[in-house]
Amino acid sequence: MAEISLRDVRKSYSGLEVIHGVDLEIADGEFVVIVGPSGCGKSTLLRMVAGLEEITAGEIAIGGRVVNRLEPRERDIAMVFQNYALYPHMTVRENMAYGLRIAKLSKAEIEERVARSAKMLELGQLLDRKPRQLSGGQRQRVAMGRALVRNPAAFLLDEPLSNLDAKLRVQMRLQIKELQRTVRTTSIYVTHDQVEAMTLADRLVVMNAGVAEQIATPAEIYDRPATTFVAGFIGSPAMNMLPARGLGDALEVAGQRLAVPAPAGRDLILGIRPEHLHPAGPEEPGFELHVQAVEWLGADAFAHGSLADGTDLVLRTPGKAPVRERDRLKVAPDAAALHLFDAGTGRRL
Amino acid sequence: MAEHEMIGTSRQSRIMAHFLLVIGVIVVAFPIWYVFVASTHPLQQILRPPLPLLPGAEGPSNYARALSGDIGRIGGVGVDRLLLNTAVVAFGIAVGKIVISMASAYAIVFFRFPLRMVCFWMIFITLMLPVEVRILPTYKVMVDLHLIDTYAGLILPLVASATGTLLFRQFFMTIPNELMEAARVDGAGPWRFFKDILLPLSATNIAALFVILFIYGWTQYLWPLLVTNSNSMNTIVIALRKMISFADADTPWDLVMVTCVLAILPPILVVVLMQRWFVKGLVETEK
């Protein structure tokens, strides 16, 4: 077990910088999820920690030891790949034992470790099968098992669930979380799926275009997103973003005055999550929403519509929605749950 | 399976198919049968046509004479010696080609080094040069290295193989990158990755290539003809050529036929023994 620290880590490909200086301190035993859209550099960052990509600048340390120039095998890490990368000609047992055999562990020790990991992952029946005889979920578990037997300082997981169907993904997500709780090994998990990110992470790193936009607990990221990108990326449906203008003691948005203090004369963006809008009372100030579509999901419903000035707005209502298409509806935001961002920089005020 | 059922629906078409098949077998197999029949008759019988269609009584003695070196035109070297020479050469060429082409394909696919593509193209363009073009310089090199009449001289010039390199390159490129990365994380260096992962995955390809190359080596003519002077270093194909004189009466046709039969057997053996792997290597796509 070990802490991992990244200090101003950068990556360039032939002069073009793709990771623009990431700083990250991961505590011993912590489960950190890096999330972001495809191409944001999250996988590259993970591969740099693994030692599969060179580090252009900055420093990566695992367990207090700078590993910049070390081969993957010298970094004491184990990795789970998106396509599992199981050795096709080896049985499950051989796949799991391969790294241990190279590390020259005794036969008895290897046997014991493989048996223990196989038990944790319920792979006992499959030990003598070849990967091609396994289902996707089983292969995924073998890939996990191969990482687990190594008993490494850190687990690195690169979109390990994205090749599974939705139901299996939920199941494996829970299993991974439970497993990590049990072994308490420092883990970095890369995904583009925000549900995976929110449910698994002790702490989340939201990446965009080679920059870590925000590093915080899932709750903090959801409640206090640092930038408009984070606000828009985490949460589904996405947060409503309304152009606004500060008036000192109030805010002007979509032709309405909201009693929210905001710096006078500044162009701002007001963020409101769909669940923080409610049908306004008769005296309450609110927005006139022209509902264009209603999606009913069972537990709750989303009403998509637009305001008088054309801004799109999504409203989330619990249960069978009292709203219908083509309704005109007055909605008001929950004053305590508003997010204000600078329109120029996108940063939270 | 499904195709067989589709074609073999009516009895008539099945009979027709078998008829054609039998004709095909006769066309291919009859000359070989005839060679075998001829190898069991005395010389006088062969020289006085027509030759019977059934084996004669001289078989055992013909074979014994050929194996004990009773063929004067090749200096009394036994056919067993020729078989040994040819086996060594064919095996050496096949194994040598596979080792060299796997090694160079491994370097080209999995390593980044300066002039990598230049190396690849240099190998590639040698495909366009037939052996005959470089035969004189190669001969000179062999003379200078005193490799005339040696196994090394017979094998080495035929070992480099652009075709094999290309074949393995294509195969290696289908191996997912993550597999190599997983091995790296597991602690395997380049050599272990080659030995533990790449080699087992290439097994069927190697087998298929081995069969093809063994027969290629077995049937080599021009190069062994040039590089061997001594009768005891001849390959069986060269010896066969030497046995045959322009005058029919001068040629021990019975023993020539024996040599022919013996020359065919090892390649057949290799194909039969490795057939399963051979076919697998040619058709397998699943990794």
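Lettering follows sequence order; numbering is per chain, from 1. FYI, side chains are in, hydrogens and waters are out, and symmetry mates aren't considered; it's all heavy atoms of this structure.
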Side-chain atoms of residues 102-111 of chain A: list all donor-acceptor pairs with protein atoms under 3.5 Å, sequence neighbours left out, distances to 0.1 Å.
unit_1   : atom_1 : unit_2   : atom_2 : d
A:Ser106 : OG     : A:Glu109 : N      : 3.2
A:Glu109 : OE2    : A:Arg113 : NE     : 3.1

Identify the heavy atoms of A:Gly51 and B:Arg184 that sit nearest to each other, and give their distance.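 Between these two residues, the closest heavy atoms are O-NH2, 3.4 Å.
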Are there residues of residues 135-146 of chain A that reach to under 4.5 Å of chain B by heavy atoms, and which ones? A:Arg146
Step through the shown structure and confirm whether more than 12 heavy atoms of other residues, nucleotides or ligands are within 6.0 Å of [atom1] on [X].
X        : atom1 : result
B:Arg134 : CZ    : yes
B:Phe91  : CZ    : no
A:Glu178 : CD    : no
B:Glu132 : CD    : yes
B:Phe113 : CZ    : yes

Heavy-atom distances under 4.5 Å only: say whether A:Leu156 touches chain B with side chain, backbone, both or neither.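 When you check distances to chain B, no heavy atom of A:Leu156 falls under 4.5 Å.
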Side chain, backbone, both or neither: which part of A:Glu74 has an atom under 4.5 Å from a heavy atom of chain B? neither
Are A:Arg47 and B:Glu181 close enough that some pair of their side-chain heavy atoms sits under 4.5 Å apart? yes
Quick one: does B:Leu179's side chain get under 4.5 Å of A:Pro88's, heavy atoms only?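 Heavy-atom side-chain distance check passes, below 4.5 Å.
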Give me the one residue out of A:Arg150, A:Arg75, A:Arg73 that meets side-chain contact (heavy atoms from CB on, under 4.5 Å) with B:Val185.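 The side-chain contact (heavy atoms from CB on, under 4.5 Å) with B:Val185 is passed solely by A:Arg150 among A:Arg150, A:Arg75, A:Arg73.
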Taking only distance into account, with no hydrogens and no angle test, what donor-acceptor pairs under 3.5 Å do side-chain atoms of residues 120-131 of chain B form with protein atoms, sequence neighbours excluded?
unit_1   : atom_1 : unit_2   : atom_2 : d
B:Thr126 : OG1    : B:Ile123 : O      : 2.5

With a 4.5 angstrom heavy-atom cut-off, which part of B:Ala183 approaches chain A: side chain, backbone, both or neither?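 Both parts, backbone and side chain.
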So which part of B:Asn177 gets closer than 4.5 Å to some heavy atom of chain A, the side chain, the backbone, both or neither?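 B:Asn177 has no heavy atom closer than 4.5 Å to chain A.
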Best-contacting candidate, A:Ala50, A:Ala147, A:Pro131, A:Gly99, against chain B by heavy atom pairs under 4.5 angstrom: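 Result: the option with the highest number of such pairs is A:Gly99.
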Any pair with a residue in residues 51-95 of chain A that passes ring-ring contact (aromatic ring centres under 6.0 Å, His included), sequence neighbours left out, goes on the list, sorted by first then second residue, please. A:Tyr87-A:Tyr98
Pairwise distance CE(A:Met90) to CG(B:Leu201) - rounded to 0.5 angstrom: 8.5 Å
If you measure from CD on B:Glu178 to CG on A:Leu86, what distance do you get to the nearest 0.5 Å? 11.5 Å
